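A quick write-up on the structure given underneath.
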Amino acid sequence: MTFAGSGDAFGSGGRFQACIHLRGPDGAAPVLLDCGATSLTALRRCGLDPGEVAGVFVSHLHADHFAGIPFLILNAQFARRAGPLTVIGPRGTGARLAELMEGMFPGSASASRRFAVEVTELRPGETFAAAGVAATAFAADHPSGADSQALALRLTLGGAVIGYTGDTAWTDALRGVAAGADLLIAEAYYRSKKIPYHLRHDDLVEHRGELASRRIVLTHMSDDVLDHLDEVGFETARDGLVLRV
Ligand SMILES: [Zn+2]
Ligand SMILES: [Zn+2]
């Protein structure tokens, strides 16, 4: 897996927005875990081809987590892609993606393409498999529109289990996201300051005993954390970080 983007919404630390590129061991096409607005640049910076991506798993419908998808679709259109692109996200993903595309590139939502964009919407508790990856959804505590429910995700690919908090305040659902996982990717937006609907480094320290994953890597950090990485008691992501799980 490659952290193409490990940043927050505002470019803290010069980092790209959330975009984690996952490639299974069997040569299957890769998938993305979140696709923030900056993701095509982030992928290319890492030498990764956006046109290869078979599926995108979306935690929630904020621009720093899903606004790269219109670029992904249009890039594929101009690259004459033939195979389908699967988008798996929370309730409301299909309608919000169409609105986003129309706002960014008028006419693009209804343009005819050689490939299908197949959207599947998950509710907490549901599991769906696509592009060789099974995803189970958990309820996150992070408002992203009345038509939607932000998710934490637990992905299984190639025998590895990867948990991802997305953006969320601490919720006991995160125990299930982490339980027995090979890796938990957790947001750590601030160190101690209470920011509504986000995880802090302090929350992860407090609940560390409840997060039974083999490994924890922090992402989505603001300057408040990035300026004090020496005080952080966990592994931290950076753009371009490659991990083998
Ligand atoms: Zn968010
Ligand atoms: Zn975010």
Side-chain angles (χ1 to χ4, degrees), residues 1 3-22 32-43 56-72 87-93 95-97 99-100 103-104 121-124 135 137-155 162-171 173-174 177 184-191 193-204 216-227 232 234 236-239 241:
M1 57 185 295
F3 283 85
S6 62
D8 62 5
F10 310 115
S12 296
R15 294 177 176 220
F16 291 117
Q17 297 169 4
C19 181
I20 300 161
H21 183 275
L22 304 169
L32 300 181
L33 181 51
D34 276 347
C35 185
T38 57
S39 294
L40 265 72
T41 311
L43 290 166
V56 184
F57 294 83
V58 178
S59 65
H60 67 290
L61 304 180
H62 279 160
D64 58 318
H65 295 260
F66 97 116
I69 299 176
F71 298 110
L72 195 68
V87 178
I88 298 96
R91 188 165 51 86
T93 297
R96 293 274 285 277
L97 179 58
E99 288 167 12
L100 185 66
M104 289 168 70
E121 300 182 355
L122 290 183
R123 292 168 190 268
F138 295 74
D141 182 6
H142 188 78
S144 48
D147 59 335
S148 192
Q149 158 69 60
L151 303 174
L153 294 168
R154 186 176 159 97
L155 305 186
I162 297 167
Y164 177 48
T165 64
D167 292 356
T168 182
W170 172 263
T171 158
L174 295 179
V177 177
L184 176 69
I185 302 163
E187 82 146 336
Y189 196 31
Y190 273 70
R191 287 175 296 162
K193 186 178 168 189
K194 264 265 180 240
I195 304 293
Y197 308 114
H198 283 280
L199 279 172
R200 304 170 303 166
H201 178 262
D202 284 3
D203 295 317
L204 295 166
I216 297 174
V217 174
L218 307 188
T219 191
H220 202 286
M221 294 167 280
S222 69
D223 285 336
D224 178 65
V225 181
L226 293 173
D227 290 346
V232 171
F234 298 88
T236 53
R238 64 176 186 280
D239 290 4
L241 176 68

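Counting convention: from 1, in listed order, for ligands and their atoms alike. Just so we're clear, the structure is a prediction, and the values are computed from it rather than from any experiment.
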Practice prompt. Using a 4.5 Å cut-off on heavy atoms from C-beta on, say whether the side chain of V217 contacts that of T219.
Written response: no
Discussion item. If I take the Zn ion (ligand 2) as the centre, what angle separates the NE2 atom of H220 from the NE2 atom of H65? Nearest 10 degrees is fine.
Written reply: 100°
Discussion item. Taking the basic N atoms (NZ, or NE/NH1/NH2) and the acidic carboxylate oxygens, is any pair closer than 4.0 Å for D224 and K193?
Written reply: no
Worksheet item: So, are R15 and D239 salt-bridged, with charged N and O less than 4.0 Å apart?
Response: no
Worksheet item: H220 versus D64: any side-chain heavy-atom pair under 4.5 Å?
Response: yes
Worksheet item: Parallel under 30°, tilted from 30 to 60°, perpendicular over 60°: which one fits the rings of H198 and H142?
Response: perpendicular
Item to complete: Give a yes or no on whether D64 keeps an N, O or S atom under 2.8 Å from the Zn ion (ligand 2).
Response: yes
Discussion item. I'd like to know: is the Zn ion (ligand 1) within the 2.8 Å range of an N/O/S atom from D167, strictly under that distance?
Written reply: yes
Discussion item. Under 2.8 Å from the Zn ion (ligand 1), can any N, O or S atom of H62 be found?
Written reply: yes
Worksheet item: the Zn ion (ligand 1) is nearest to which N, O or S atom of H60?
Response: NE2
Worksheet item: Do you see an N/O/S atom of H198, backbone or side chain, under 2.8 Å from the Zn ion (ligand 1)?
Response: no
